[in-house]
Protein chains: 2
Amino acid sequence: MNKREHRFGELLEAHHVRKTSHRLSVLNALSSREGATSQPDLEATMSPEINRVTLYRILKTFEEKGIIHKVIDLNGTANYALCSPDCTEHGHHDQHVHFSCSVCNRLYCLDTVRIPSFRLPNDFEAADTYLVVSGTCARCSKK
Amino acid sequence: MNKREHRFGELLEAHHVRKTSHRLSVLNALSSREGATSQPDLEATMSPEINRVTLYRILKTFEEKGIIHKVIDLNGTANYALCSPDCTEHGHHDQHVHFSCSVCNRLYCLDTVRIPSFRLPNDFEAADTYLVVSGTCARCSKK
DNA sequence: TTAAGTGCAAAATCTTTGCAAATGT
DNA sequence: ACATTTGCAAAGATTTTGCACTTAA
């Protein structure tokens, strides 16, 4: 077991989730991508080793336990990314800008770009803010 | 034909879309709601007068012609709202904040709240920005 | 008259559920 | 040993497609 796998093993233990080979594969796949990975993408990558239904369940469990978070992109497709260490099962901290490239379809988590603050009308109480920018990413704009 | 219907008739003509009674009903339904209306909501409202499939097609046409715009909420559900006059088939101008109430599920278009500007990393080119705030809306926070 | 819109049936997807077998602790 | 996880089949839900009939212009 290499270092990365070991790290993921500990991650699962820390969240009280059983350490199975499928779950480790999913964590590996997610961590090897830049930004978030779409459900269809992930499905294609893991297939046929991991059953489609099992993947749904793994992602659901991970999300509930605060191991990954889900970002819905502008097409309504679910994308997943590993959480930062301060996510818990009680709440995700995902207050950064997402960038959805319309050329390559990558979804980036721009951790360095914070969502600027703004005022809501009276009596509107914000719990979470999601900001998605669509356009052309650095990789694609250089081609 | 009352004033509102007349207005919608002209709206359809202006976008080179045929004026049918179903299309007028959909426009009426959309305009009678505050903010955007979800596809399932709309389906329930129009049923059984308008067939489910027809509704899909009407919404698709309206979106393509720049009559309505689609906002995907945090659950990945499509919501629709009438466009402001400066939307065309070449691009929607929807640069305001959306608010998704987790209590009543209403999706508000907060036209008065502009999306603040922020800088993207080098070589990322923004085309559109979508900002959705979830939380409790004014109506629900007062109860 | 004729091109576009509509309803119905059916296909194609996407997501969830039930249950028996396999696996982790 | 025992609770959890997994695969498979099947149910549900959502969205798209094909085709005959109807309607707007």
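So you know, we letter chains A, B, ... as the sequences are listed, proteins then strands, and number each from 1.
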Quick one: does any side-chain atom of [X] pair with a main-chain N or O of [Y] as donor and acceptor, under 3.5 Å?
| X | Y | answer |
| --- | --- | --- |
| B:D73 | B:N75 | yes |
| A:T54 | A:I50 | no |
| B:S102 | B:G135 | yes |
| A:S100 | A:S134 | no |

Grab the [atom1]-[atom2] distance between [X] and [N] for me, whole Å please.
| X | N | atom1 | atom2 | answer |
| --- | --- | --- | --- | --- |
| A:K65 | D:dT5 | NZ | C1' | 13 Å |
| B:K70 | D:dT15 | NZ | C1' | 11 Å |
| A:L12 | C:dT23 | CG | C1' | 15 Å |
| A:R52 | C:dT15 | CZ | P | 8 Å |
| A:I58 | D:dG7 | CD1 | C1' | 12 Å |
| A:Y56 | D:dT14 | OH | C1' | 11 Å |
| A:E64 | D:dT5 | CD | P | 11 Å |
| B:K60 | D:dT17 | NZ | P | 7 Å |

Pair A:R139 + B:D123, salt bridge at N-O below 4.0 Å: no
Nearest-nucleotide wise, let me know which of A:Q39 and A:R57 is further upstream toward the 5' end of DNA chain C. A:Q39
5' priority, DNA chain C, between B:R18 and B:L55 [closest heavy atom]: B:R18
Over all strands shown, is A:E49 touching base, sugar-phosphate only, or nothing at heavy-atom distances under 4.0 angstrom? sugar-phosphate
Please check the phosphate of [N] (OP1 and OP2 only) for any side-chain N or O of [X] closer than 4.0 Å.
| X | N | answer |
| --- | --- | --- |
| B:T20 | D:dA24 | no |
| B:H22 | D:dT23 | no |
| A:T61 | D:dT5 | no |

How large an angle, rounded to 10°, do the end axes of the helix from C:dT1-D:dA25 to C:dT25-D:dA1 enclose when each is built from five base pairs? 40°
Per atom distances to the B:R23 side chain, the nearest of C:dG5, D:dT6, C:dG7 is C:dG5
Distance check, rounded to the nearest 0.5 Å: B:R33 atom CZ versus B:D41 atom CG? 4.5 Å
With nearest nucleotides of DNA chain D determined for A:P48 and B:V53 from heavy-atom distances, which residue corresponds to the more 5′ nucleotide? A:P48
Considering heavy-atom distances to DNA chain D, does A:I50 or B:G76 have its closest nucleotide positioned more toward the 5' end? A:I50
Can you tell me which residue pairs pass the ring pair (Phe, Tyr, Trp, His ring centres under 6.0 Å) test with a partner in residues 102-121 of chain A, sequence neighbours excluded? A:Y108-B:F124
